[in-house]
Q: 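Handing you this structure, nothing more for now.
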Amino acid sequence: MAAKKDPVLKPELKEQIQAFERELDAALGGLSIRSWAATPTLRLAAEVYEQFAVQTDHPGGPGHISRAMDVLAPHLVSGGEGYTPDIGRKQDGVQLFADLTFAGHYFMLRDYLYYAYNAKGALSWAFSEDRVDIRFADPSIPRQFFTVFNDMVMNSVDLFGAFETDAAKIRSLLENEAEGAETPNTIAAWALIEREVDLKLSAYFNILPDDSAIDLGGYSYAEFMAIYRALTAKALYHRYLARDQNAVGAIYISHDEFASLAVADLGIARARIDAILKDLVYDADAATDRLDGAYFSLFREGGHDGRIVMRPHHFAVDEGLVNLLRVVAQRRPQIFLNAVSNSLGAAFVRRVKAAWEAEGFTCHAEVPLRDIDPKLPDIDLMVISEEPTLGYVIFICELKSPIPPKWAKDQLKALNKDSVSKAFHQVRMLQAFLRTDEGITFIRGYLPKDGHPYFSGFITVLDHLVITSDNGGMFFEAEQTKIINFRTLERLLRRSDGDMALIQNVLATYPEMAGKTLRTAMTEFQLNGRTIAYESVTDGPLLDFPQGEWRSSSTRQQHIEEFLASGLHPFDVFGEDGAERLHAISEPTILNVSSNRPGTASDGLRSEPSGKTAGEPDIASLPSGQNSD
């Protein structure tokens, strides 16, 4: 008889959480704005978001309003009739803000409820007559939120730092120009905005080639990218006007006018443009299809020929490529599976491989093992680093590229048997194989046939790494194998200068360092006479990696020669007794290192500045709100 699965929640706690969920749902259903006329409410909510986007000092910022709109999206696009609100009427403004504030809390607590029901030990819950207290119990959850935000800010600083001069020029060119005017200044400004679009899209989940002919169901990925570029340029243009001419507000776009211009300017057939906008704009059909509002930045006013509502500040920072892929996967799963999934996975491997190779590492992708044993998985990526004073360090990498998540339901899919959780199972299979004689022979086959340039006997260190499109270990705290998302990895590799010791040390210490760096706070609100308090990640210091100096170091060769002249040998890393035994060996020695071990056999064999461990992450002194994208 199969063992009984341990429940995620104890029955008594589950009943309390379910009762709390019903209370939240009832409060959401009873919000005043749900009985207001939908289209004017949508417009007001969009305007409030844009105002908050410029008033960055407001607690919670525009993100809270965005989450509220995601929750209320089905009503906002319904075209439903009712009371017509007037923002100039104080009572309406107070009620609108109160309801949007609650809906933003609801979004957060909806995520926490999903975690509670599906991930054991995710949260701690405390219920009393006058208070509900919800805190993180699994440290991987706040660490994931911190990592995603930290990556966005740090990568944005890296990417857009050099664009500041051009951004200032755009502001100067548009300073006295009327909206929509075509003058030499605006033409010059648009040319710079197009460059900014290129930078911005390169920061997104832009894994597939922009010109990919992959069919997404009525249009190609290349056609979508052309439309998305045009919309991003429009959002950036209006964002500049909002900040420099006080022209703050949502933009209302006629579907027909935009489609006609796109046909003329881009040469895309009207039917295909309509299909693209159908997947980019949240409307009543999206609500019927049970698509979440979090997958959309654009909303459509209800009724016949409703205009498209754009929040320029939102569209300019939202991950529209991720949104589109999620919508296609949900609306047309077979097309996504057949046309997109494999291409996305292959492109993801190519991108990660290129990041390692850019730092001088030798890489082999899609390394087959099934000829050896049909039960073994292929190795997605093998990274080989020649270490002059040791031998070789080899990373065996498992790559998982699900579409990055937008909310809890997406994040929890990492636990599915065919998603990120599968990578850890595959790693365990590979670890077992690579400890066998056959596995060691296999590894030797990938080392240079001429041997190591300095030693006839040397050490080969094997390490394992899971690389994902987003997940940095969320829900996998108990796993021993290191895991990192590709954005964090790419930044680490850029900083490393090919220093494998630095890379290994950062990978091993990142969870601890991120945990020490992140800050959380309790958010409180009132519900039916009780205080509801929930923990979330808040502003705090940022985490960056030290700039390595190894391959480009002018003293690198000198250090190697000093090591050789001193009579030291790679086997000396094992200490005096181990070195004596190993010195007699004239062929490579394979060493499988523990995946969670903070150091490696190569630690200490390089000269590092005194007072700092090789690869120790730096806590950057950037303000937490700095983001130049």
Side-chain angles (χ1 to χ4, degrees), residues 42-43 45-56 61-63 65-66 69-70 73 152 156 159-160 163 166-167 169-171 173-174 177-182 186-187 189-206 210 224-255 257-259 261-262 265-266 273 276-277 279-283 293-301 307-324 327 406 627-629:
L42 168 60
R43 294 171 188 160
E47 299 295 339
V48 168
Y49 174 88
E50 284 297 305
Q51 289 290 339
F52 273 47
V54 241
Q55 299 170 7
T56 51
I65 303 301
S66 174
M69 293 183 69
D70 293 342
M152 181 190 71
S156 180
L159 193 62
F160 289 92
F163 192 76
D166 286 340
K169 190 172 182 180
I170 293 170
R171 290 192 289 270
L173 288 167
L174 295 178
E177 299 293 341
E179 181 179 346
E182 187 170 337
T186 59
I187 291 170
W190 271 100
L192 291 172
I193 288 173
E194 291 290 347
R195 286 181 54 194
E196 187 173 359
V197 170
D198 290 339
L199 282 175
K200 185 165 287 296
L201 294 185
S202 72
Y204 289 171
F205 188 65
N206 199 7
D210 287 1
F224 155 70
M225 286 299 296
I227 295 295
Y228 193 76
R229 280 178 177 277
L231 288 167
T232 303
K234 185 175 183 66
L236 290 173
Y237 169 73
H238 285 284
R239 189 171 74 166
Y240 278 111
L241 291 184
R243 294 178 176 181
D244 301 320
Q245 294 189 17
N246 199 29
V248 182
I251 306 301
Y252 300 89
I253 304 169
S254 161
H255 180 113
E257 287 181 13
F258 178 82
L261 284 171
D265 293 346
L266 303 174
I273 293 171
I276 292 168
L277 291 176
D279 286 341
L280 275 176
V281 183
Y282 191 90
D283 58 12
Y295 301 151
F296 298 85
S297 180
L298 304 174
F299 287 66
R300 188 184 298 280
E301 296 175 335
R307 295 176 300 177
I308 297 170
V309 181
M310 170 187 275
R311 297 161 290 168
H313 284 80
H314 189 277
F315 197 91
V317 298
D318 198 39
E319 270 273 19
L321 309 189
V322 168
N323 291 343
L324 188 279
V327 170
K406 293 306 291 267
N627 183 357
S628 56
D629 92 350

Q: Report the C-alpha separation of Val309 and Tyr252 in whole Å, then their side-chain angles, then the decisive distance to 0.1 Å, and conclude whether the side chain to side chain contact (heavy atoms under 4.5 Å, CB included) test is met.
A: CA-CA 5 Å; Val309 181; Tyr252 300 89; 3.8 Å; yes
Q: Flag the pair Ile251 / Ile253 as yes when at least one side-chain heavy-atom distance between them is below 4.5 Å, and no otherwise.
A: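 Yes - at least one pair of side-chain heavy atoms lies under 4.5 Å apart.
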Q: Leu174 versus Thr186: any side-chain heavy-atom pair under 4.5 Å?
A: yes
Q: Let me confirm one number: the NZ-CE distance from Lys234 to Met310, rounded to the nearest 0.5 Å.
A: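 The distance works out to 7.0 Å.
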Q: Provide the closest heavy-atom pair for Phe296 versus Val327 in the form atom of the first, atom of the second, distance.
A: CZ-CG2, 3.6 Å
Q: Got a second to check how far Arg43's CZ is from Phe299's CZ, nearest 0.5 Å?
A: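 Atom-to-atom, Arg43:CZ and Phe299:CZ are 15.0 Å apart.
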Q: So do Leu42 and Arg300 actually touch side chain to side chain, heavy atoms under 4.5 Å?
A: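 Side-chain contact under 4.5 Å: no.
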Q: Identify the two heavy atoms, one from Tyr237 and one from Ala178, that lie closest to each other, and give their separation to 0.1 Å.
A: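 Looks like OH-O, 4.0 Å.
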Q: Please name the pair of heavy atoms, one in Pro312 and one in Ala235, separated by the smallest distance, quoted to 0.1 Å.
A: CB-O, 3.6 Å
Q: Determine which pairs satisfy salt bridge (Lys or Arg N to Asp or Glu O under 4.0 Å) with at least one residue from residues 46-55, sequence neighbours left out, and list them in order.
A: none
Q: Between Asp70 and Lys406, does any NZ, NE, NH1 or NH2 come within less than 4.0 Å of an OD or OE carboxylate oxygen?
A: no
Q: Check step by step if side chain to side chain contact (heavy atoms under 4.5 Å, CB included) holds for Leu280 and Leu231.
A: CA-CA 10 Å; Leu280 275 176; Leu231 288 167; 3.9 Å; yes
Q: State, to 0.1 Å, how close Leu324 and Phe224 come at their nearest heavy-atom pair, and which atoms those are.
A: CG-CE1, 3.6 Å
Q: Would you say the side chain of His313 lies within less than 4.5 Å of the side chain of Phe52, judging by non-hydrogen atoms?
A: no
Q: Which is it for Gln245 and Glu179 under the side chain to side chain contact (heavy atoms under 4.5 Å, CB included) test, yes or no, and what are the steps along the way?
A: CA-CA 10 Å; Gln245 294 189 17; Glu179 181 179 346; 5.9 Å; no
Q: To the nearest 0.5 angstrom, please state how far the CD1 atom of Ile227 sits from the OG1 atom of Thr232.
A: 11.0 Å
Q: Drop me the distance from Asp210's CG to Met225's CE, to the nearest 0.5 angstrom.
A: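 If we round to the nearest 0.5 Å, Asp210:CG and Met225:CE are 4.0 Å apart.
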Q: Do Leu199 and Phe160 have side chains that get closer than 4.5 Å, going by heavy atoms?
A: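 In contact.
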Q: With a 4.5 Å limit on heavy-atom distance, are the side chains of Phe258 and Ile308 in contact?
A: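 No, too far: nothing below the 4.5 Å cut-off.
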Q: Would Ile170 and Glu196 satisfy side chain to side chain contact (heavy atoms under 4.5 Å, CB included), going step by step from the backbone distance to the final call?
A: CA-CA 10 Å; Ile170 293 170; Glu196 187 173 359; 4.0 Å; yes
Q: Taking atom CG of Leu261 and atom CD1 of Ile273, what is their separation to the nearest 0.5 Å?
A: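 Atom-to-atom, Leu261:CG and Ile273:CD1 are 9.5 Å apart.
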Q: Kindly give the heavy-atom pair with the smallest separation between Ala316 and Tyr204, and that separation in Å.
A: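 Taking every non-hydrogen atom into account, O-OH, 3.2 Å.
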Q: Look at the aromatic rings of Tyr228 and Phe315 and report parallel, tilted or perpendicular, splitting at 30° and 60°.
A: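 Answer is tilted, since the angle falls between 30° and 60°.
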Q: Using the salt bridge (Lys or Arg N to Asp or Glu O under 4.0 Å) rule, take Arg229 and Glu194 through it: C-alpha gap first, then chi angles, then the decisive distance, then the call.
A: CA-CA 8 Å; Arg229 280 178 177 277; Glu194 291 290 347; 5.4 Å; no
Q: Ignoring hydrogens and angles, state whether a donor on the side chain of Tyr295 or Glu319 is under 3.5 Å from an acceptor on the partner side chain.
A: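 Per modelled atom types, Tyr295 and Glu319 side chains form no pair under 3.5 Å.
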Q: Answer yes when Arg311 and Asp318 have at least one side-chain N-carboxylate O distance shorter than 4.0 Å, and no when they do not.
A: no
Q: Taking side chain as C-beta onward, heavy atoms only, is Arg243 less than 4.5 Å from Arg171?
A: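 Side-chain contact under 4.5 Å: no.
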Q: Do you know which two heavy atoms are closest between Ser202 and Leu159, and how far apart they sit?
A: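 Taking every non-hydrogen atom into account, OG-CD2, 3.6 Å.
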Q: Nearest 0.5 Å, what's the CG-CG distance between Leu192 and Asp166?
A: 5.0 Å
Q: Are any non-hydrogen side-chain atoms of Ile65 and Gln51 less than 4.5 angstrom apart?
A: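 No, too far: nothing below the 4.5 Å cut-off.
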Q: Less than 6.0 Å separating the ring centroids of His314 and Tyr49?
A: yes
